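One structure is given below, encoded as structure tokens.
Computed from a predicted model, the values in this text were never measured in an experiment. The residues of the chain are indexed from 1 along the displayed sequence.
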Amino acid sequence: MTASARRLAVDVGNTAVKVAFYSDSGSLVCRAFPIATSNWVDAIWTGLKLEPAADQFTWLVSSVNRAASSRLKQAVLQAGSPARQIQWLDITHRNVPLPVAVTEPKRLGVDRLLSAYAAFKRFGEPVLVVDAGSAVTVDLVSTDSEGQAIFRGGAILPGISLQYAALRSGAEGLRQTEQTVGKPSNRNTNRLFEPGRNTASAIHAGILASLVGAIERLARDFQLSIQEADSHSKTSSPAEVEIILTGGDGPVISEYMREQHRQCPHLVCRGLLDLDPSAESHPPQ
């Protein structure tokens with residue numbers, strides 16, 4: 001790859017498109033473009049003009065939003081020219097060098113697998129990856145009986161915004177409630193949920209408690225499942241599962257977590273940039 005080439009990681013989500021790349025200094029640059037606006041595709045190109053020296057772009061794309069991805073792909077490929085070479089690569093589970101132990105690999109969201117792969121590369125295993133976006137995914141990577149790291153699957157929960165939407169649509173008295181979860185808080189640092197004294201604070205406590213409680217329960221149970229599996233093998237006792245938070249709502253959830261954890265933003269994009277997209281993964285297990 002020449003000095004004027006740029007690898008772009010593109011995470012197409014339900015509410016925003018994130019575009020990331022490594023700068024010349026080696027730091028990750030990531031920008032988010034909300035797709036509720038009509039000119040979000042143009043906004044992406046405006047952002048890329050900050051890198052005028054690049055004349056070759058490889059777009060490594062993870063998408064859970066087919067309509068948005070198609071619109072962006074059309075605009076990107078139309079922008080190609082003899083002076084600007086463009087390659088668009090739709091990444092699937094077969095491009096990610098992490099075997100999976102799920103029943104339907106083709107239906108596995110590639111964003112989940114990419115986050116798990118990036119976390120495994122950086123923190124080893126066993127690792128629990130919590131990606132807090134529109135939905136909150138909680139996924140486990142651990143070793144199999146042969147000592148090989150493998151994606152085990154996990155759990156999917158409605159995220160903060162989806163829980164608000166569900167309350168508003170299902171309860172008439174809550175339809176006018178403003179979303180407060182996800183906004184900066186001024187609370188103390190004892191990580192306690194206190195009784196809500198009004199509707200907004202009660203919803204705040206309920207939504208966050210449901211997410212934090214679910215994540216910490218899943219972490220404990222997944223750890224037990226690893227221990228039970230290893231009790232039938234000759235391997236040493238498994239290490240404690242490390243919890244990694246990523247996604248836009250990760251910092252909010254982190255405030256209330258009692259279990260030890262780390263935050264690592266933009267794991268999907270980091271996973272994309274870790275890939276050798278010409279290679280295919282091992283066959284799904």
Would you say [X]'s side chain and [Y]'s backbone share a donor-acceptor pair under 3.5 angstrom?
X: Gln223; Y: Pro126; result: no
X: Ser27; Y: Ser23; result: no
X: Arg71; Y: Ala67; result: no
X: Ser225; Y: Phe222; result: yes
X: Ser115; Y: Arg112; result: no

Subject >> Enclosure of Arg217 CZ (heavy-atom neighbours >12, cutoff 6.0 Å) >> reply: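 At most 12 heavy atoms, drawn from other residues, nucleotides or ligands, come within 6.0 Å of this atom.
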Could you pull out all donor-acceptor pairs under 3.5 Å where a side-chain atom in residues 150-165 meets a protein atom, sequence neighbours excluded?
from, atom 1, to, atom 2, distance (Å)
Arg152, NE, Ser142, OG, 3.0
Arg152, NH2, Thr143, O, 2.7
Gln163, OE1, Ser210, OG, 3.3
Gln163, NE2, Pro158, O, 3.2
Gln163, NE2, Ser210, OG, 3.3
Tyr164, OH, Thr180, N, 2.9
Tyr164, OH, Thr180, OG1, 3.2
Tyr164, OH, Val181, N, 3.3

Original post:
Tell me, do Arg220 and Glu259 make a side-chain contact under 4.5 Å, heavy atoms counted?
Top reply: yes
Original post:
Hey, does Asp11 have a side-chain heavy atom less than 4.5 Å from the side chain of Val17?
Top reply: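 They are not in contact (no side-chain heavy atoms under 4.5 Å apart), so the answer is no.
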**OP:** Give a yes or no on whether a salt bridge exists between Asp274 and Arg270, defined as a side-chain N under 4.0 angstrom from a carboxylate O.
**Re:**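 Answer for the salt bridge query: no.
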**OP:** Run the salt-bridge test on Arg258 and Glu216 with the 4.0 Å N-O cut-off and return the result as yes or no.
**Re:**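 Salt bridge absent between Arg258 and Glu216.
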Subject >> Residues that Val76 engages under side chain to side chain contact (heavy atoms under 4.5 Å, CB included), provided they are two or more places apart >> reply: Trp45, Trp59, Leu72, Ile86, Trp88
Hydrophobic clustering (ILVMFWY, side-chain heavy atoms < 4.5 Å, transitive) - are [Y] and [X] grouped together?
X: Phe193; Y: Val136; result: yes
X: Val64; Y: Leu89; result: no
X: Val10; Y: Leu77; result: yes
X: Leu8; Y: Trp40; result: yes

Subject >> Pair Thr246-His266, side-chain hydrogen bond (donor to acceptor under 3.5 Å, both in side chains): steps then yes or no >> reply: CA-CA 6 Å; Thr246 192; His266 314 308; over 6 Å; no
